[in-house]
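Just below is one structure, and these are the notes that go with it.
We count residues from 1, following the sequence as given. Atom set for the values below is all heavy atoms of this structure, side chains included, hydrogens, waters and symmetry mates excluded.
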Amino acid sequence: MKNNQKPEDVIVFPLDVPNLKEALSWVERLNGLVGVYKIGLELFTACGPKIIEEVRKISDKKIFLDLKLYDIPNTLTRTVKVISELGVDWVTVHTLSGRTALKNAVKSSFNNLKIIGVTVLTSLDRADLMELGFNSELARDTKELVFKLTQIAYKTGCDGIVCSAKEVSKIKEFFPELLTIVPGIRWKENEDDQLRVATPYEAVLAGADYLVIGRPIRESSSPEEVCKKIAEEIEKAWIEKNVNA
Ligand code: C5P
C-alpha cells in the first residue's frame, strides 16, 4: 500500500471499444482489478457523454476522459467548462496547444476535474518527430522534448502529464508533485505501435503514478490474471522503492 492506495488502484484500463455494451461488460469484468477507466475518442464518439453516467451507475472508480484536446485558448476554455459538468476525474489536453490554451484549460476547470497534459505520444519515434518538424536535437532526445513540454504543463498549473516510462524518472525528479500517467506498458518490445515501452515493474520503479494498460489486458485469454500479475509487479516496485528511499 502507498498513501492508502492499493496496487490495482494505479491501473488505468482504456475502454478502447466501439460501443456501450462492450464497454460496460469490461467495467463489470474488471471490477476490483483496476482503479481507473479511460474513455477515449472511439467510445466517446460512439456513445457521447451518456457513457460517463452509464459507467458511474456500475462503478465508483475514477473516470479519465482521454480526448487529447488540442485547440485555441477560447475553445479550450469553453470545452473544459462543459467537461467539468460531466463529473469526470481527469481530462487530457495537448501541451502542444501552448501556454495560453493550457492556462485557460486549468482556469476553467471545476468539480475537481484534473487537467492532464499530453506530451509526446508513445507511438512516435525519432523519425516521426523529425518529419513533424522538431529539430534534430529534440527529436534525437525525446526525453528533452517531453521535459520541455512538461515544464509548460507544470508552469500553467496542470495537475499531471502523460509520458512514457523512459522519461518519467527525470520528470519526477524535477516535478515530484505532478501526477505521471504512463502508457506504453509491455513485457516485450516491438509488439505493436507502442515504441517507448516498459514493464509495469520498470515503469513504477522509474516513478509512474498510474499505468495505462489496454491491449495486454484486453487481448489476453485471461484478463483477470494479467491484472493480478500487473498489481503484483506494482507492489514489488513499491517495496523496492521504499527499501531504496
Ligand atoms: O496498452 P495499449 O497500447 O492498448 O493502451 C493504449 C491506450 O493509451 C490508448 O487508449 C491510447 O489512446 C492511450 N495513450 C497512449 N499514448 C499516449 C497517451 C495515451 O497510448 N501518449
Side-chain angles (χ1 to χ4, degrees), residues 1-44 46-47 50-66 87-90 92 116 122-123 160 162 164-165 168 179-242:
M1 272 216 203
K2 183 185 153 198
N3 306 326
N4 288 328
Q5 253 185 339
K6 296 198 283 301
E8 54 270 28
D9 294 339
V10 313
I11 305 174
V12 180
F13 180 72
L15 294 167
D16 289 337
V17 292
N19 58 57
L20 182 70
K21 191 166 166 246
E22 276 184 67
L24 295 184
S25 80
W26 276 111
V27 173
E28 264 168 14
R29 184 166 186 182
L30 299 183
N31 191 19
L33 296 170
V34 304
V36 185
Y37 291 104
K38 182 169 95 67
I39 295 168
L41 287 172
E42 180 187 8
L43 187 61
F44 198 74
C47 303
K50 95 163 183 240
I51 180 67
I52 292 153
E53 270 167 58
E54 297 293 330
V55 173
R56 283 262 180 260
K57 277 188 206 160
I58 58 169
S59 162
D60 60 356
K61 300 299 174 197
K62 285 195 173 68
I63 297 185
F64 175 15
L65 192 57
D66 185 22
V88 295
D89 297 277
W90 307 338
T92 37
I116 309 296
T122 37
S123 54
V162 181
S164 93
V168 75
L179 280 181
T180 50
I181 299 164
V182 174
I185 304 297
R186 295 289 183 271
W187 282 278
K188 274 189 256 144
E189 288 198 4
N190 304 322
E191 278 194 343
D192 46 41
D193 60 351
Q194 296 286 21
L195 296 175
R196 306 196 317 279
V197 301
T199 67
Y201 172 76
E202 290 163 344
V204 172
L205 205 59
D209 294 313
Y210 288 90
L211 306 177
V212 180
I213 314 179
R215 282 165 288 179
I217 298 175
R218 216 170 49 245
E219 291 173 2
S220 148
S221 55
S222 178
E224 293 82 356
E225 287 310 309
V226 176
C227 289
K228 285 180 195 154
K229 179 177 171 199
I230 296 165
E232 278 166 22
E233 286 199 26
I234 293 167
E235 186 152 37
K236 192 173 148 215
W238 283 353
I239 292 168
E240 174 111 12
K241 282 177 81 159
N242 278 339

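Residues Ile63 and Val36 have side chains not in contact (no heavy-atom distance under 4.5 Å, counting atoms from C-beta outward). Within the 4.5 Å cutoff, the side chain of Val17 has no heavy atoms near those of the Glu42 side chain. Side-chain atoms of Ile39 and Leu65, non-hydrogen and from C-beta on, do get closer than 4.5 Å to each other. Side chains of Ile230 and Val34 form no contact here, defined as non-hydrogen atoms less than 4.5 Å apart. Taking the side chain as every heavy atom from C-beta outward, Phe44 and Asp66 never approach each other to under 4.5 Å. The closest side-chain heavy-atom distance from Pro183 to Val162 is below 4.5 Å.
Between Ser59 and Val27, the shortest heavy-atom distance links the atoms CB-CG1, 3.7 Å. Shortest non-hydrogen contact noted between Pro7 and Ala231 is CB-O, 3.4 Å. Here the closest heavy-atom approach between residue Ala198 and residue Ala165 is recorded as CB-CB, 3.3 Å. Considering all non-hydrogen atoms of both residues, Ala23 and Leu15 come closest at O-CD2, 3.7 Å. For the residue pair Gly35 and Lys61, the shortest heavy atom distance occurs at O-CB, 3.4 Å. What you find for Arg218 and Pro14 is that their closest heavy atoms are NH1-O, 3.8 Å.
For Thr180 (side chain) and Asp209 (main-chain N/O), a donor-acceptor pair under 3.5 Å exists by modelled atom type. Listed for the Asn242 side chain is no donor-acceptor partner under 3.5 Å among the backbone atoms of Ile239.
The line from CG of Leu20 to CD1 of Ile51 is 5.0 Å long, rounded to the nearest 0.5 Å. Rounded to the nearest 0.5 angstrom, Glu232 CD and Glu8 CD are separated by 11.0 Å. With rounding to the nearest 0.5 Å, the separation of CD1 in Ile217 from CD in Glu224 is 10.0 Å. Here the CG-CH2 distance, from Leu179 to Trp90, works out to 6.5 Å after rounding to the nearest 0.5 Å. Between atom CD1 of residue Ile52 and atom CD of residue Glu54 there is a gap of 11.0 Å, rounded to the nearest 0.5 Å. Remark: Ser220 OG to Ile213 CD1 distance equals 12.0 Å, nearest 0.5 Å.
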Pair Ile116-Thr92, side-chain contact (heavy atoms from CB on, under 4.5 Å): steps then yes or no | CA-CA 5 Å; Ile116 309 296; Thr92 37; 4.1 Å; yes
Carefully, step by step, assess Lys228 and Leu33 under the rule side-chain contact (heavy atoms from CB on, under 4.5 Å).
-> CA-CA 7 Å; Lys228 285 180 195 154; Leu33 296 170; 4.2 Å; yes
Derivation and outcome, side-chain contact (heavy atoms from CB on, under 4.5 Å), residues Tyr210 and Lys38 = CA-CA 12 Å; Tyr210 288 90; Lys38 182 169 95 67; over 6 Å; no
Steps toward side-chain contact (heavy atoms from CB on, under 4.5 Å) verdict (Val204, Glu233) = CA-CA 9 Å; Val204 172; Glu233 286 199 26; over 6 Å; no
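Scanning for side chain to side chain contact (heavy atoms under 4.5 Å, CB included) contacts around Ser221 gives an empty result, with sequence neighbours left out. A search for side chain to side chain contact (heavy atoms under 4.5 Å, CB included) contacts involving Asn19 returns Lys21, Glu22, not counting sequence neighbours.
Relative ring orientation between Tyr37 and Phe13 is described as perpendicular, the plane-to-plane angle rising above 60° on a 0-90° scale split at 30° and 60°.
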